[in-house]
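Whatever order the structure lists them in is the order used to number ligands and atoms, beginning at 1.
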Amino acid sequence: MRRVVCPGSFDPVTNGHVDIIRRAAQLHDEVHVVVGANRAKHGMFTVDERVAMLKEVTSDLPNVIVGTFRGLLVEYCRAHGVSAIVKGLRAVSDFEYEMEMAQMNYRLAEIETLFLTANPLYSFLRSSLVREIAIYGGNVASLVPPTVQAQLRTKLAGAGDG
Ligand code: PNS
């Protein structure tokens, strides 16, 4: 059983994340998509909301399991029999940070990291930009799945002016 993990903040999940998750699901038997809960309190969406959106956008992928993790990612991997972490690389600017984490995770627990190169359509895409565009009334239709667009609208409508 080739079981891998796709970790992230997913605040919120973008089309770029979905692309990487789908490709990982084609390459492996089981993909655990896990929301890191360590610093989630400071985000826009709660961990439960992020998980719900991820479940909805991966509902047609039977080998994808959505969950959360706290603490070190390698501990989640150990506890769930995960042998590798799958990450998307968008641009050279991602490389240094991802390389450090990959090497440290290998050193900590001999967990491999596999990189998929992002679809060039999404090389500029990150959740923080999506949040900013949505906050200032921009159109995020081509950046996130429709359900996320709806959740952003609901969240921002409830946020008031302050
Ligand atoms: O979407 P993000 O914010 O790039 O996700 C980062 C995440 C959650 C994957 C990363 O911060 C992480 O793995 N955090 C868990 C803590 C951990 O294991 N740190 C050691 C890394 S060497």
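- Residue Asn105 approaches ligand 1 through these ligand atoms, each under 4.0 Å from one of its heavy atoms: 21 (C), 22 (S).
- Checked by atom type and distance alone, the side chain of Asn105 never pairs as donor or acceptor with a backbone atom of Glu110 at under 3.5 Å.
- Legend: residues meeting side-chain hydrogen bond (donor to acceptor under 3.5 Å, both in side chains) with Glu112, ordered by chain and number and at least two apart, are absent.
- With a 4.5 Å cut-off on side-chain heavy atoms, Val33 and Ile65 do not count as touching.
- The residue from Cys6, Gly88, Ser9, Ala37 that puts a heavy atom closest to atom 2 (P) of ligand 1 is Ser9.
- Close contacts of ligand 1 with Pro7, meaning ligand atoms under 4.0 Å from a residue heavy atom, involve 9 (C).
- Contact between Gly71 and ligand 1 is present, with at least one heavy atom of the residue lying under 4.0 Å from the ligand.
- For atom 7 (C) of ligand 1, the closest non-hydrogen atom on the protein side is Gly8 CA, 4.6 Å.
- Residues passing the side-chain contact (heavy atoms from CB on, under 4.5 Å) test with Ala118 are Arg90, sequence neighbours excluded.
- Of all the heavy atoms in Asn15 and Leu125, the pair that sits closest is N-CD2, 4.1 Å.
- Close contacts of ligand 1 with Asn38, meaning ligand atoms under 4.0 Å from a residue heavy atom, involve 15 (C), 16 (C).
- The nearest protein atom to atom 8 (C) of ligand 1, hydrogens excluded, is given as Phe69 CZ, 4.0 Å; this is a heavy-atom distance.
- Considering backbone and side-chain N/O atoms, Leu73 comes within less than 3.5 Å of an N/O atom of ligand 1.
- Between the side chain of Arg22 and the main chain of His17, no donor-acceptor pair closer than 3.5 Å is present.
- Salt bridge absent: Asp29 and Arg3 never bring a charged side-chain N and a carboxylate O closer than 4.0 Å.
- The single protein non-hydrogen atom nearest to atom 19 (N) of ligand 1 is Leu72 CD2, 3.8 Å, given as residue, atom name and distance.
- Counting atoms of ligand 1 from 1 in the listed order, those under 4.0 Å from a heavy atom of Met104 are 22 (S).
- For atom 4 (O) of ligand 1, the protein comes within 4.0 Å by no heavy atom at all.
- The nearest non-hydrogen atom to atom 10 (C) of ligand 1, considering only Met101, Glu75, His17, comes from Met101.
- For ligand 1, the polar-atom distance check against Arg39 finds no nitrogen or oxygen pair separated by under 3.5 Å.
- By the 4.0 Å N-to-carboxylate-O rule, Glu75 lies too far from Arg70 to be salt-bridged with it.
- Among the candidates Val148, Val51, Asp11, Val13, the single residue satisfying the side-chain contact (heavy atoms from CB on, under 4.5 Å) test with Phe45 is Asp11.
- Annotation: atom 11 (O) of ligand 1 to nearest protein heavy atom, Tyr97 OH, 4.1 Å.
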